[in-house]
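Please read the structure below before turning to the comments.
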Amino acid sequence: MDRVKGKVAIITGAAGGLGKAQALLLAREGAKVVLTDILESEPKATVEEIRRAGSEAIFVRHDVTSEQDWAEVIKQTLTSFERLDVLVNNAGILISKAIADMSLEDWRRVTSVNLDGVFLGTKHAIGAMKKSGGGSIVNISSVAGLVGMAGDSSAYAASKGGVRLFTKSSALQCSTLGHDYKVRVNSVHPGFILTSMLENIIRKTAENTGCTYEESRKIREDATMIGRLGTPEDIAYAVLYLASDESSYVTGTELVVDGGYTAR
Ligand SMILES: NC(=O)c1ccc[n+]([C@@H]2O[C@H](COP(=O)([O-])OP(=O)(O)OC[C@H]3O[C@@H](n4cnc5c(N)ncnc54)[C@H](O)[C@@H]3O)[C@@H](O)[C@H]2O)c1
């Protein structure tokens with residue numbers, strides 16, 4: 001209990017999947033949470049759930065590709081909670097198409113949400129964190145940002161690889177070797193985590209290869225060393241660690257939470 005007590009955390013893409021699990025866990029561990037998303041009803045319901053459990057939370061509608069929206073999110077966070085300690089750049093999309101079939105528009109949409117969004121969030125959070133005496137930025141990348149993936153996820157992989165090295169460069173800039181903002185920046189690299197995003201991939205692979213949903217799912221389970229898909233809570237605990245002061249000596253690193261998928 002209380003691993004992030006008193007901290008104020010923004011979580012983007014908090015409508016469901018990994019973002020919702022992070023919001024619930026950080027709130028349970030004492031943080032005041034700002035849930036943001038382009039969707040409204042789901043994160044608003046999570047805000048109510050957090051409040052019923054006795055913690056504080058607000059929702060701000062937010063498109064991570066909009067710099068104006070970012071300014072508003074930071075403003076509303078400071079108005080409600082007077083400080084910012086943690087930003088989780090979690091929002092992300094996957095458009096799965098073969099390179100030969102992918103339009104430049106699709107490519108730009110993926111890189112805009114997954115990479116521009118992380119840049120804008122980092123840019124806007126740094127100022128507020130400096131005023132709070134420091135902070136922790138956690139960027140949700142992917143195993144697709146570490147190793148090449150079979151399947152049609154080139155734009156996604158490029159964006160997530162970009163997040164990985166943007167994270168390390170941000171960590172350097174924010175440290176004593178750079179501007180000494182006292183802001184730590186790390187990336188988390190989930191493997192196959194059962195959310196709507198992965199369910200869509202499993203379904204699409206099944207359609208393309210003629211196997212069943214269960215067979216398509218089993219291929220992913222068997223590709224791990226643990227022998228199962230991950231849960232949103234598996235990732236939320238990694239985020240909690242990086243958000244908390246338990247990781248005060250950790251910056252510029254990549255925390256891989258993939259059941260051993262990339263260890264081979
Ligand atoms: N599920 C996995 O297996 C897996 C693996 C590796 C990485 N990830 C990453 O984890 C993060 C969360 O994914 P998830 O599995 O929970 O997927 P999800 O689709 O359930 O959640 C993504 C959220 O981002 C929101 N979003 C999309 N575009 C947005 C925008 N422009 N502005 C603000 N919000 C926007 C969506 O509304 C949604 O709530 C993503 O960055 C994803 O790439 C997921």
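All values reported here derive from a predicted model rather than from experimental measurement. Just follow the structure's listing: the first ligand is 1, and inside any ligand the first atom is 1.
Of the protein's non-hydrogen atoms, Ile193 O, 3.5 Å is the one closest to atom 2 (C) of ligand 1. Looking from atom 18 (P) of ligand 1 to the surrounding protein, the closest heavy atom is Ser196 OG, 4.1 Å. Among all non-hydrogen protein atoms, the one lying nearest atom 27 (C) of ligand 1 is Ile93 CG2, 3.6 Å. Closest to atom 13 (O) of ligand 1, if we only count protein heavy atoms, is Met197 CE, 4.0 Å. In terms of protein heavy atoms, atom 39 (O) of ligand 1 is closest to Asp37 OD2, 2.7 Å.
Distances below 4.0 Å separate heavy atoms of Gly92 from the following atoms of ligand 1: 22 (C), 24 (O), 40 (C), 41 (O).
Counting only heavy atoms, the protein never gets under 4.0 Å from atom 21 (O) of ligand 1.
Not a single heavy atom of Ser66 sits closer than 4.0 Å to an atom of ligand 1. Contact analysis puts Asn90 in contact with ligand 1, with a non-hydrogen atom separation below 4.0 angstrom. Within the structure, ligand 1 has Gly191 among the residues with a heavy atom less than 4.0 angstrom away.
Distances from atom 6 (C) of ligand 1 to the heavy atoms of Pro232, Pro190, Gly117 show the closest one on Pro190. The closest non-hydrogen atom to atom 10 (O) of ligand 1, taken over Leu18, Thr65, Leu94, Val64, comes from Leu18. The heavy atom nearest to atom 35 (C) of ligand 1, out of those in Val257, Leu39, Thr12, Ile38, is found in Ile38.
The side chain to side chain donor-acceptor pair (under 3.5 Å) search around Gln76 returns Glu72, not counting sequence neighbours. Residues forming a side chain to side chain donor-acceptor pair (under 3.5 Å) with Arg61 (at least two apart in sequence, or on another chain): none.
Residue Ser142 has no N or O atom closer than 3.5 Å to an N or O atom of ligand 1. Checking only distances, Thr195 does come within under 3.5 Å of ligand 1, N or O to N or O.
Remark: Glu246 CD is packed, more than 12 non-hydrogen atoms of other residues, nucleotides or ligands lying under 6.0 Å away. Counting heavy-atom neighbours within 6.0 Å of Lys204 NZ, excluding the residue itself, gives a total above 12.
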